[in-house]
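For reference, the structure is listed below as structure tokens.
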Amino acid sequence: MSDLKISKFNRHHFMENYGMLFVLVILFIVCAIVSPYFLKVENLLNITRQVSVIGIVSIGMTFTILTGGIDLSVGPVLAFSTLMIAGFKDYGAIPAFLLAMAMSLLFGLVTGTLITKGKIQPFIATLGMMTTVVGIGLTYSHGHPIIGTPDGLSFLGQGKLFNTIPVQTILFALTALAASILLNRTRLGRYIYAVGGNEEGSRLSGIRVDRIKTSAYVISSGLAGFAGIIMANHLNVGEANLGSGMELDAIASVAVGGTSLAGGRGGVVGTVIGVIIIGILNNFLNLINVPGYTQKIVKGAIIIIAVLAQSMQSNRKK
Amino acid sequence: MSDLKISKFNRHHFMENYGMLFVLVILFIVCAIVSPYFLKVENLLNITRQVSVIGIVSIGMTFTILTGGIDLSVGPVLAFSTLMIAGFKDYGAIPAFLLAMAMSLLFGLVTGTLITKGKIQPFIATLGMMTTVVGIGLTYSHGHPIIGTPDGLSFLGQGKLFNTIPVQTILFALTALAASILLNRTRLGRYIYAVGGNEEGSRLSGIRVDRIKTSAYVISSGLAGFAGIIMANHLNVGEANLGSGMELDAIASVAVGGTSLAGGRGGVVGTVIGVIIIGILNNFLNLINVPGYTQKIVKGAIIIIAVLAQSMQSNRKK
Amino acid sequence: MSDQTILQMKNIEKLFPGVKALDNVTFSCRKGEVHALLGENGAGKSTLMKVLSSAYQPNAGEIWFKGELFRHTDPIAAQKAGIGIIYQEFNLVPYMTVVENIFLGREPLMNGRLIDYKSMRKEAKKLLNGLGLDLNVNLKVQNLSVAQQQMIEIAKALSMNAELIVMDEPTATLTDREIDFLFGTIRSLKESGKTIIYISHRLEEIFEVCDRVTVLKDGKTVGTEDVSNLDKDKMIKMMVGRTLGEYYPERAHVKRGGKVLDVRNIKRSGVLDNVSFEAYEGEILGISGLVGAGRTELARAVFGADHIEDGKIYLDGDEVKINEPLKAIKMNIGFATEDRKQQGLILGLSVKKNISLTVLDTILKGGLIQPKQEKELAERYVEILKIATPGVDAPVSGLSGGNQQKVVLAKWLAKDCKIIILDEPTRGIDVGAKAEIYNLMRKLADQGKVIIMISSELPEIIGVSDRILVMHSGKITGEFKAEEATEEKIMKCATGEVA
Amino acid sequence: QQEGDDKIIIGLSQESLDHPFMITQRDQVLEAAEAYPNIEVIATDGQGSVVTQVAGIEDMLIKGIDILLVQAAKAEGLKQELKKVHEKGIPFMFVGKPIMGTDAITMVSMDNYLIGTEIGDYVVEHLKTKHGSVKGNVVVIEGIPGDETSVNRIGGFHEVIDKESGIKVVAQQPADYRRPQAVSVMQNVLQANPAGTLDVVFAANGEMALGAVQAVKDAGRLDEVIIIGLDGQQEELDAIAAGEMSATWTYEPCGTQGFELAMKILDGEAVDKMVIPASRKITIDNVAGQKPAF
Ligand SMILES: Nc1ncnc2c1ncn2[C@@H]1O[C@H](COP(=O)(O)OP(=O)(O)OP(=O)(O)O)[C@@H](O)[C@H]1O
Ligand SMILES: Nc1ncnc2c1ncn2[C@@H]1O[C@H](COP(=O)(O)OP(=O)(O)OP(=O)(O)O)[C@@H](O)[C@H]1O
Ligand SMILES: [Mg+2]
Ligand SMILES: [Mg+2]
């Protein structure tokens with residue numbers, strides 16, 4: 001009987017982690033059958049490129065959501081980072097890069113501090129930051145786009161390894177790998193899960209809850225800033241409104257990837273799958289020329305259906 | 001000692017409910033001093049009119065937030081309601097009104113069902129609904145505004161009582177009153193608090209949690225739809241995007257009004273105060289002609305400061 | 001007492017993923033009796049009661065109540081049918097008032113629409129007075145102590161006027177005075193013809209109030225007996241399948257060592273009033289007292305979980321500032337909280353990850369957690385404490401209350417603390433496990449550790465401790481050597497009769 | 001595929017589809033294409049984000065298009081992608097919103113800045129007639145702060161009126177292109193500027209102009225100020241006919257012209273580098289019989 005218990009348990013464990021992978025595979029097969037263009041290598045590489053920026057932002061979002069929070073300010077932080085890269089291009093690649101990262105991390109620190117020391121709910125703190133950072137960006141740029149990026153950074157946005165694999169894709173993969181190790185194999189990662197699961201319990205276990213939560217926001221902002229650097233170099237421009245709407249896309253990806261918005265459960269692998277599902281869907285709807293309004297309906301429905309499927313699955317155990 | 005405890009308790013209770021009223025009064029005084037136009041009766045009446053639509057939406061939002069949920073779909077539902085009013089104007093005032101309300105309530109029912117039966121987290125369910133409903137609205141209207149509203153309804157948006165008090169203001173006040181009675185004096189209202197405070201405990205106390213939660217989303221959607229009817233009659237138009245961004249404004253108002261996003265604590269009085277604070281702020285920024293970029297910074301900062309002030313206050317008790 | 005059967009649960013089966021919590025359980029009650037339901041942790045008692053109240057739907061079986069087949073729908077149907085239940089876990093709404101909580105789901109209405117607060121308050125006051133509780137009914141529940149909350153739960157169940165009342169470990173958080181009131185209430189309920197199902201791990205209580213006993217083991221019914229035919233040993237044998245030898249471990253052979261912890265005049269307004277005490281190497285220091293005496297607050301203050309306004313703490317003679325739990329843990333102080341779900345465990349994480357949480361630094365290599373070492377660590381403690389779990393990767397939320405408590409203990413054992421504070425370490429734990437935990441505490445003390453045990457069970461305090469402190473309203477009002485302590489003496493200090 | 005080589009695919013990449021302007025543009029292109037059985041139009045919707053728009057273009061390239069029509073969103077951000085399109089040898093052109101400095105074969109678009117200056121001239125003229133000399137108080141309602149369209153429309157306007165020392169901009173406030181916001185902003189501005197002190201309201205789009213009309217009408221101050229919009233949507237025309245709005249300039253979606261130019265390019269004909277259709281200035285004098293821009 002004991003054996004039975006364990007095998008059942010593991011199956012459940014498996015489904016929790018890989019259920020969405022199954023959805024992804026199905027979606028992949030359907031797309032491949034319906035559209036002759038879908039399986040072209042170039043198209044598949046394109047998809048990985050297209051999801052890279054939002055993917056990196058979503059990985060950052062995963063951290064804050066795992067702590068039981070949320071980060072609505074990722075879009076503006078990303079946009080601000082593009083402004084820094086474009087605005088300081090004349091100072092050279094490395095200074096511009098460092099400045100963009102430093103500002104992003106700083107925004108994350110402010111957000112984290114508001115949440116932990118100021119005891120403001122993450123939704124509200126980051127909502128406030130969202131508006132504020134857009135305002136700062138607009139003030140800095142006088143509302144105009146800033147054209148051009150530093151020499152020597154453009155490979156981040158435009159480069160291709162062996163002339164085929166986009167550098168963006170590689171950066172996304174590396175970010176996912178690093179985040180996954182961080183979450184699963186380090187203390188910080190474990191503590192992020194613990195804090196998201198039970199804050200008071202974590203505190204009484206000797207975890208500096210405030211520091212862990214702040215770290216999550218710093219990571220989230222930092223990755224948004226990094227994504228902004230990539231985007232600026234891809235588009236060759238910095239603009240204060242570039243990231244608008246990105247927070248909801250990122251949150252949707254994280255949720256579709258099976259991370260619970262209540263915190264404490266989920267992970268980066270899920271988020272990557274969620275991002276790719278949404279990316280494939282966008283690509284597919286374009287390939288089969290579905291009109292814009294309908295795309296909205298389909299996307300809204302898909303988010304609901306994907307999450308519904310997960311919840312059905314985890315309810316079967318009851 | 002027992003007496004001491006009670007008096008302490010009451011002071012805290014008072015601050016919890018009226019702390020934001022204090023902020024409102026301060027803001028009011030500052031505005032009155034800085035701008036000579038602020039205190040004009042007409043201006044004050046204008047403010048009450050301007051906040052009516054977002055106020056009614058925020059009251060609805062209060063219900064979902066009290067259950068521990070959130071409703072991101074209020075903007076699209078409101079917009080869809082304007083489309084119904086404008087699109088069915090030829091069928092007469094009452095049919096158009098009923099249809100707009102019926103569709104809104106239906107959306108709420110779908111959302112509530114997804115959340116309760118589908119066990120989807122409210123953020124995600126309503127995020128999906130948000131996109132879907134905009135898509136449906138755009139499809140219905142082919143993306144164009146529909147001009148005109150039914151004869152006989154325009155007083156809802158444009159009428160004035162005794163030629164001074166806007167009907168919108170009165171509708172807002174009545175909605176607040178009704179919501180307050182509903183929340184504080186009826187079983188449904190108390191159950192909304194109970195479910196938000198302890199869902200499992202409520203269920204075991206015999207509360208039909210699913211039904212209560214669904215009711216909250218139906219109320220939220222219904223009030224968004226009602227607000228949409230008012231707006232359509234005010235602007236004489238229906239449009240699929242009229243409500244965009246409204247969800248965040250409403251959530252900010254609810255939070256500034258002291259309702260906890262974690263559910264179970266807060267109320268309509270706070271929300272009304274929150275709405276008015278933000279309304280006065282908008283009015284004031286216009287009156288003293290603060291430039292657009294700066295407005296964003298100020299608004300973001302004010303949300304943070306207001307909520308920070310609350311959290312400071314409630315932390316003092318610890 | 002009539003022989004009329006009021007409740008019959010037949011062939012009940014309940015499956016959870018990987019666990020058959022109830023396996024063909026049959027259980028019946030007579031009208032007007034107090035029927036004890038006993039069993040080890042995880043035997044399925046709470047689950048059976050949740051099936052009865054329709055909080056869970058059984059996978060098989062039927063329930064007959066008052067001669068009718070009872071259709072399982074939802075808790076409200078059970079309530080309406082006349083089944084009231086006090087659940088093992090708290091089910092109050094923290095932000096609502098006492099009166100609202102008592103009548104939650106059954107508020108009286110005026111004119112059929114609005115809630116009638118006035119009569120609700122009147123009724124609530126009456127109920128609470130009947131339980132010996134003098135409390136402002138407009139207080140929010142979150143401001144009450146755990147014990148007060150338990151009393152509210154009891155009041156709530158009583159207010160339902162149910163014919164059958166289930167009490168799932170109602171006394172676990174209570175001290176003797178409240179327990180006396182509760183037993184008085186139980187007896188008068190019984191006199192008025194109500195039936196009560198009573199679950200407790202405190203066997204003395206069974207003899208005091210119960211008529212019959214049904215024992216569950218591993219989700220199966222062992223049997224039903226009249227209490228008059230049983231003694232404690234027989235009862236234990238039914239529960240664990242064997243007799244237990246000495247329940248409490250032998251006292252220390254080792255003489256206590258030097259002073260390790262010295263707490264001087266710590267103060268926290270409203271809860272701690274100039275408390276001083278010390279603790280020595282190799283001793284088990286018991287802290288007894290009535291509900292709300294401030295024992296938990298004292299432990300939290302020493303552990304750095306709450307801010308203290310005044311006073312000093314010395315460790316091995318040096319003054320230390322402990323302003324957060326991490327500091328305490330670094331100084332080798334561990335604290336197993338009384339409320340395991342809210343404070344002791346991360347319910348969403350696995351058994352393994354809960355155990356390793358305080359000792360991650362010992363299984364790091366190059367900054368990375370070593371999965372193999374982590375697993376071994378967890379498995380070691382699962383074995384030492386005999387934690388019943390499908391595996392160390394199973395979520396801790398699926399474990400029974402007692403096994404969850406063992407995981408909390410495992411966490412602090414893994415940390416190898418010098419001072420371990422245990423707040424109600426055996427609350428809700430079955431006799432077998434209790435004896436194991438006592439033995440473990442003794443073993444740790446013999447190894448030279450300092451064990452501080454807060455407990456509301458007088459026999460336990462007297463049976464296990466080497467030295468006993470008694471608290472009353474934020475002050476220490478008595479200190480006894482184990483040999484001198486009696487229940488009477490302790491109670492006198494606990495009620496503040498002697499200072 | 002079996003249609004063979006004579007099948008021509010035209011790609012239309014739009015920044016978004018949630019505005020009548022874009023929708024009309026798309027409809028114009030689709031409608032014009034109906035006359036040609038061998039032409040297929042695929043359209044992608046950037047949903048307001050340049051990233052999505054870029055992805056849409058990539059997806060169309062995968063399917064293989066013969067020419068690309070672009071309505072640019074966050075204009076500068078598209079440049080890089082368009083360079084790639086050019087490198088692939090696929091001709092592209094702009095409809096509706098140009099970007100300078102690309103390899104576009106042509107662009108057919110209204111010029112926001114230019115229209116802004118025309119409106120400025122109109123305002124100067126109006127104030128001169130009203131007060132005898134060029135003086136007066138002007139209110140400007142912006143779109144989304146920082147949005148390029150709004151910045152250009154208002155920039156052109158400022159270029160003209162800033163030269164006139166008698167003209168004072170008493171309020172310049174954002175209303176995010178939205179009508180409800182514009183009503184509130186205008187009401188508040190009316191409060192800060194008592195009756196008799198305002199002369200002109202210029203809103204950076206039609207929706208906001210209509211919101212301003214609503215607020216001014218509610219305040220009973222229609223006699224005092226003239227309201228000017230920029231878009232030329234149906235309701236603006238109605239408002240002008242009703243005497244509530246003074247003027248509007250049409251902002252044509254250029255879908256039809258765009259399609260015609262695309263056909264010429266595909267036929268190998270030479271086309272102008274830049275085509276700027278005239279904006280129709282609509283006032284009470286010519287409103288009768290005018291078609292809305294979208
Ligand atoms: N919600 C649940 N999900 C999964 N397993 C559960 C759940 N609730 C109970 N169980 C399992 O069912 C079994 C019986 O648990 P139950 O809580 O009924 O025991 P109990 O006799 O009340 O124990 P205790 O004395 O510790 O309270 C245990 O093995 C437990 O792990
Ligand atoms: N969160 C709280 N807010 C306000 N007062 C509290 C709170 N928690 C406890 N108290 C009060 O502090 C005092 C001490 O409570 P504490 O829980 O420490 O008692 P205890 O002796 O540990 O009792 P037990 O653990 O048996 O409930 C009581 O008067 C209690 O009402
Ligand atoms: Mg139990
Ligand atoms: Mg305690």
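Numbers restart at 1 for each chain; the letters A, B, ... are given by sequence-line order, proteins then strands.
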Give a yes-or-no answer on whether the side chains of Thr62(A) and Thr271(A) include a donor-acceptor pair shorter than 3.5 Å. yes
Salt bridge or not for Arg295(C) and Asp423(C), using N-O below 4.0 Å? no
Most contacts with chain C, counted as non-hydrogen pairs under 4.5 angstrom, among Ser205(A), Gly264(A), Gly189(A), Gly196(A): Ser205(A)
With a 3.5 Å cut-off and no angle check, do the side chains of Ser215(A) and Tyr191(A) form a donor-acceptor pair? no
Against chain C, work out which of Gly197(A), Gly263(A), Ala194(A) has the most heavy-atom pairs shorter than 4.5 Å and name it. Ala194(A)
Taking Lys353(C), Lys330(C), Arg300(C) one by one, which has the highest count of heavy-atom pairs under 4.5 Å against chain A? Lys353(C)
With a 4.5 Å heavy-atom cut-off, do Tyr217(A) and Val110(A) have their side chains touching? no
Where on Arg203(A) is there a heavy atom nearer than 4.5 Å to chain C: the side chain, the backbone, both, or neither? both
Region of Glu374(C) in contact with chain A, defined by heavy-atom distances below 4.5 Å: side chain
Is chain A contacted by the side chain of Leu364(C), its backbone, both, or neither, given a heavy-atom distance below 4.5 Å? side chain
Hey, which of Thr358(C), Leu357(C), Asp361(C) has the most heavy atom pairs under 4.5 Å with chain A? Leu357(C)
Given a strict heavy-atom distance threshold of 4.5 Å, which part of Ile329(C) is in contact with chain A: side chain, backbone, both, or neither? side chain
Could you look at Leu368(C) and say if it's the side chain, the backbone, both or neither that has a heavy atom under 4.5 Å from chain A? both
Kindly indicate whether the side chain of Ile230(A), heavy atoms from C-beta on, has any atom under 4.5 Å from the side chain of Leu171(A). yes
Measure distances from Lys415(C) to the heavy atoms of chain A and classify the residue's part below 4.5 Å as side chain, backbone, both or neither. neither
dist Lys406(C):NZ -> Ile384(C):CD1 (nearest 0.5 Å) comes out at 12.5 Å
Quick one: do Asp416(C) and Lys449(C) make a salt bridge, cutoff under 4.0 Å? yes
For residues Phe335(C) and Trp412(C), report the shortest heavy-atom separation together with the two atoms involved. O-NE1, 3.0 Å
Side chain from CB out, backbone as N, CA, C, O: work out which of these in Ser202(A) comes under 4.5 Å of a heavy atom of chain C, or both, or neither. both
Turns out that what part of Leu182(A) lies under 4.5 Å from chain C's heavy atoms comes down to neither
